[in-house]
Every structure is written in C-alpha cells, then in structure tokens.
There are 2 protein chains.
Amino acid sequence: MGITERKAREKELRRNAIIDAAEKIFFSREMDTATMDDIAEAAELSKGTLYLYFKSKEDLYLAITRRGLDILIDMFSKAVKKKKYGIQKIYAIGLAYYSFSRKHPDYFNAMTYFLAHSQEFNENTPTAMECALAGDRPLIIVRDSLIKGIEDGTIRSDINPSETAIILMGQSNGLIQILSKNLEHFKNMHPQFNLKSAENIIDHAFNLIHRSLEPST
Amino acid sequence: MGITERKAREKELRRNAIIDAAEKIFFSREMDTATMDDIAEAAELSKGTLYLYFKSKEDLYLAITRRGLDILIDMFSKAVKKKKYGIQKIYAIGLAYYSFSRKHPDYFNAMTYFLAHSQEFNENTPTAMECALAGDRPLIIVRDSLIKGIEDGTIRSDINPSETAIILMGQSNGLIQILSKNLEHFKNMHPQFNLKSAENIIDHAFNLIHRSLEPST
DNA sequence: CTAATATATGACTTATAGTCAGACAATGTA
DNA sequence: TACATTGTCTGACTATAAGTCATATATTAG
C-alpha cells in the first residue's frame with residue numbers, strides 16, 4: 001500500500017512549506033533578527049513542529065542555502081553548455097555568478113554565511129552534508145571548463161586547473177561581496193575615485209582575468 | 001590641574017584592558033558563543049561596567065576589529081615602503097595580506113565579519129566610524145601603488161587604478177577566506193585534485209595577477 | 001471500536017544581551 | 001576634618017529568543 005509513500009511525500013511538502021515560510025522571514029530582515037516564533041507563525045505551525053523537521057535554526061537556514069546552491073549550480077551548468085570554448089565557458093560562468101548575486105542576493109548572502117561557517121558545522125546534519133556536497137559542484141564546473149580550455153587551446157596550459165578553479169571561485173566570491181557591501185560606501189567616501197557601477201568593475205575584472213588566462217602570444 | 005587628563009588616561013587604559021579581556025574570550029571560542037559575562041569575568045569587572053565603555057557586544061567586537069585594521073595598515077605601509085616599483089609594491093602588499101591572515105587569523109576573521117556586516121551598523125558608534133575610516137586605508141595603499149606602477153611603467157596603463165584596487169582587495173579577501181575555511185575540505189573530498197598547500201595556491205594566484213597587470217610586450 | 005503509531009502543540013526551561021537603581025570612590029569646598 | 005558633588009562600578013533584574021518535552025490530537029491498523 002502507498003500510505004508510507006504518501007506520508008513521506010506529505011512530510012516533504014510540509015518541510016518545503018516550512019522552508020518557504022522561513023525564507024519569507026529570513027529574507028525580510030537580517031538573518032540574526034529572524035525568530036523561530038515568527039517563522040512558526042508564518043508557516044502556521046507551532047514552534048515545536050519546526051524542530052521536528054529541522055535540528056536548529058541554523059539547520060533551517062542551511063536548507064535555504066541548499067536551495068540557493070541548486071539555483072547556482074543550474075545557472076552554472078546552463079552557462080557552460082551554451083559556450084563551446086573553455087575560455088568562453090569561464091566567462092559565461094563569471095557572468096552567471098554575478099547575475100545570480102543580483103537576482104538572488106538573499107541566497108547569495110546565505111551562501112556567504114555558509115562559506116564563512118562551513119567548517120564549524122560541516123556534516124552534522126543531513127542538510128549540512130548536502131550543502132557541503134552541492135557546494136563543491138560549482139568548483140568542479142569551473143575546473144572542468146579550465147581543463148576544456150587548456151585542451152582547446154583557449155587557456156594557457158601552464159596553469160593548474162584545480163588550483164585555478166579555487167582561485168577563481170574565491171576571488172569571485174570576494175569581489176561580489178565587496179561590491180555588494182562596500183561599493184556605495186567607497187563612492188561616498190571617495191568621490192574623486194570616480195567609481196563606476198558594479199557592472200563596470202566586474203567587467204574590468206573580467207578583462208584582467210582574461211588576460212591572466214590567455215595563452216601567451 | 002592634570003586630574004582631568006589623568007582620568008581620561010585611566011579611562012583609556014581600562015577601555016584597552018576590556019578589549020584585551022574580550023580578545024582572550026572571543027579568540028578562544030567562536031564569536032557567537034562568547035558571552036559578555038565571560039568577558040566581564042576575564043576583565044575582573046561587572047558586566048554593567050562593560051556597557052559603560054562599549055555600547056554593545058558588537059561594538060566591543062568592532063574595537064577588536066579596529067586593532068586588527070591598525071596592524072594590517074602598518075603591514076601594508078611597511079610592505080610598500082620596502083619596494084621601489086609599483087608592481088613590486090603590489091606583490092609585497094599581497095604577501096603582507098596573506099601573512100597577516102596567517103599570523104592573526106582571529107583579527108582576519110573579525111575583519112571579515114566587519115566587512116560582511118559593515119553596512120548594517122556603519123557609523124552608529126565612534127568605533128564603527130573609526131573602522132569604516134581605517135578600513136579604507138588598505139584600499140588607498142593599493143590604489144597608490146597601482147598609480148605608481150603605471151607611472152614607472154611596471155603596470156599596464158589601461159587599467160583603472162581605483163577600480164582595480166577594489167578588485168584586488170575583494171579578490172584577495174575572497175581567496176584567503178576560501179583557503180582558510182575550505183581548502184582542507186576540498187583536499188579531503190577531492191584527493192584526485194592533488195591540491196597543494198595554501199602557500200602554493202597563493203603563489204599561483206600571484207602569477208595570474210602579475211600576468212594581468214604587466215604591460216603588454 | 002480499540003490500540004498503536006505518527007504528528008503537532010505550546011507552556012516551560014535555559015541562556016544571554018542589555019538596563020538601572022543604588023553603592024562606592026574620588027575630588028572639591030569650607 | 002566634614003560634607004557635598006561628581007564620577008565610576010555593581011549585580012540583581014528584565015526581556016527576548018532558542019530549544020525541549022509532556023501532553024493532545026489525528027491517522028492507520030487490526
């Protein structure tokens with residue numbers, strides 16, 4: 001009989017409904033001012049029930065991070081598929097990453113939070129483990145594209161693709177973060193710098209990266 | 001009479017003693033598990049007194065961040081002075097930054113925290129304002145070095161020094177962060193990537209950056 | 001219809017940031 | 001020295017929010 005299956009399905013639905021409610025709450029204030037009581041109310045459940053589905057507030061936030069990662073992985077995969085040559089794939093990934101950070105700033109923040117705290121709670125809950133696993137996918141996509149580029153001659157062959165993938169991911173993270181958090185501050189404090197839009201700066205960064213990856217002439 | 005001055009001096013001393021105690025506590029656990037009661041005990045003061053010197057727990061943490069920024073600015077300044085050419089200065093700054101993150105990981109974490117939350121509390125307390133001001137100094141040092149490099153011909157002239165300074169700072173932040181938080185994880189999960197040490201990867205990153213900044217031949 | 005199981009509840013416990021009325025100490029005045 | 005004033009410190013108290021658990025309710029099985 002399908003009762004067990006139906007129950008499992010219902011449980012999954014409820015779990016997702018809780019994550020939906022949590023997103024509403026987390027995304028409407030700063031992460032640390034959202035309360036479990038608020039989330040419970042938004043989900044039309046009691047607080048105790050939340051803890052039947054998630055080990056802790058952090059675990060629930062991690063489930064949101066997980067959703068963000070899935071979106072990001074999807075965007076990376078599509079970006080890579082669209083382009084033929086390695087260097088084009090890298091460029092497309094970069095654009096996709098920036099586009100993700102603009103379209104889904106809350107998911108981006110969640111991922112930044114996860115990145116900053118990952119070693120504290122890694123693999124303590126199923127959700128954390130899933131995040132750790134999913135978190136590696138973007139890196140692998142970048143690495144594969146670098147390898148492709150080396151093979152097709154659009155990327156210099158004396159780079160180490162694994163290390164370069166980490167470098168590019170780390171750098172992109174940091175750049176997007178500083179632009180989203182501090183660009184306005186910099187503009188206000190140093191008008192004489194004539195800083196352009198984030199898009200302009202990202203574009204500048206792409207030029208630099210392109211130059212560092214292209215084969216020597 | 002010098003009583004007013006002496007009192008001011010004593011107040012400053014006590015303030016610093018509290019920051020000392022706070023560092024002991026913050027640096028011995030994760031930021032969010034440190035309690036004001038613990039800090040009060042370590043400072044041999046009552047909790048109420050802490051709040052006479054700092055507006056909040058976050059404000060106290062910001063005072064620690066401030067110390068880290070001062071150290072970093074000092075290291076950047078010295079690095080820049082040691083070298084003659086622009087590109088050498090940039091390289092020296094990069095080394096200094098990495099070295100800072102290894103010698104003072106707790107200060108580095110504090111700065112990362114500040115960077116991630118700066119727009120939330122900017123300029124709400126004197127300490128926050130000082131941090132915002134001091135936080136700009138590294139960027140300016142990088143920018144000046146880029147300008148110097150363009151002038152002395154060691155850096156290509158078609159980059160925008162202000163934008164490139166932001167790019168380099170953001171990228172460096174992100175790279176150091178990912179290496180300190182996730183390199184071990186990557187090594188464990190993907191042994192086939194044959195990842196080397198953080199130093200190796202940093203070195204690789206320097207090569208890439210150098211290539212992107214050097215004048216075209 | 002009853003027992004067994006699964007799910008949900010919300011009052012309760014615990015932990016901790018932040019407050020404040022009163023205690024105590026240092027300085028100024030006569 | 002005595003007393004007033006000002007500055008500093010205290011810790012019990014309040015408020016808030018995470019997480020728990022005994023109990024209630026709903027669902028399924030026999």
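Everything numeric here is computed off the predicted structure, so don't read it as measured data. Reminder, nothing fancy here: chain letters follow the sequence lines and each chain counts from 1.
- The CE atom of B/Met36 sits 20 Å away from the P atom of D/dT14 (whole-angstrom rounding).
- Here the C1' atom of nucleotide C/dT16 and the CG atom of A/Asp32 are 15 Å apart, to the nearest Å.
- Using a 4.0 Å heavy-atom distance criterion, B/Ala40 is classed as making no nucleic acid contact.
- Of the candidate nucleotides C/dA17, C/dT9, D/dA18, C/dA17 has the atom lying nearest to any side-chain atom of B/Thr35.
- Salt bridge B/Arg6/B/Glu10: present, at least one basic N to carboxylate O contact under 4.0 Å.
- One finds the OH atom of A/Tyr98 at 5.5 Å from the CD1 atom of A/Ile202 (value rounded to the nearest 0.5 Å).
- A straight line from CD1 of A/Ile25 to C1' of D/dA17 spans 14 Å, rounded to a whole angstrom.
- Note: B/His104 and B/Phe100 have tilted aromatic rings, judged against thresholds of 30 and 60 degrees for the angle between ring planes.
- When the C1' atom of D/dA15 is taken as reference, atom OH of B/Tyr51 falls 13 Å away, rounded to whole Å.
- Side-chain nitrogen and oxygen atoms of A/Tyr53 include at least one within less than 4.0 Å of the OP1 or OP2 phosphate oxygen of C/dA8.
- Two rings, from B/Phe76 and B/Tyr97, have their centers less than 6.0 Å apart.
- Rounded to whole Å, atom P of D/dA18 lies 15 Å from atom CZ of A/Phe54.
- Ranking D/dA18, D/dC9, C/dA17 by closeness to the B/Leu52 side chain, first place goes to D/dC9.
- Taking atom CG of A/Asp59 as the reference point, atom C1' of D/dA18 lies 14 Å away to the nearest angstrom.
- Residue B/Arg14 places at least one side-chain N or O closer than 4.0 Å to OP1 or OP2 of D/dC9.
- Along DNA chain D, the nucleotide nearest A/Thr49 and the nucleotide nearest A/Glu10 are compared for position; the residue whose nucleotide lies closer to the 5' end is A/Thr49.
- For B/Lys47, the side-chain atoms get nearest to C/dA17 when compared with the rest of D/dA18, C/dA8, C/dA17.
- Taking only side-chain nitrogens and oxygens, A/Ser46 never comes nearer than 4.0 Å to OP1 or OP2 of C/dA8.
- Of the candidates D/dG19, D/dC9, C/dA17, C/dA17 carries the atom nearest the B/Lys57 side chain, counting heavy atoms from C-beta on.
- Residue A/Asp38 contributes atom CG, which lies 8 Å from atom P of D/dA17 at whole-angstrom precision.
- Aromatic pair B/Phe186/B/Phe193: ring centres not closer than 6.0 Å.
- A straight line from CD of B/Glu44 to C1' of D/dT10 spans 15 Å, rounded to a whole angstrom.
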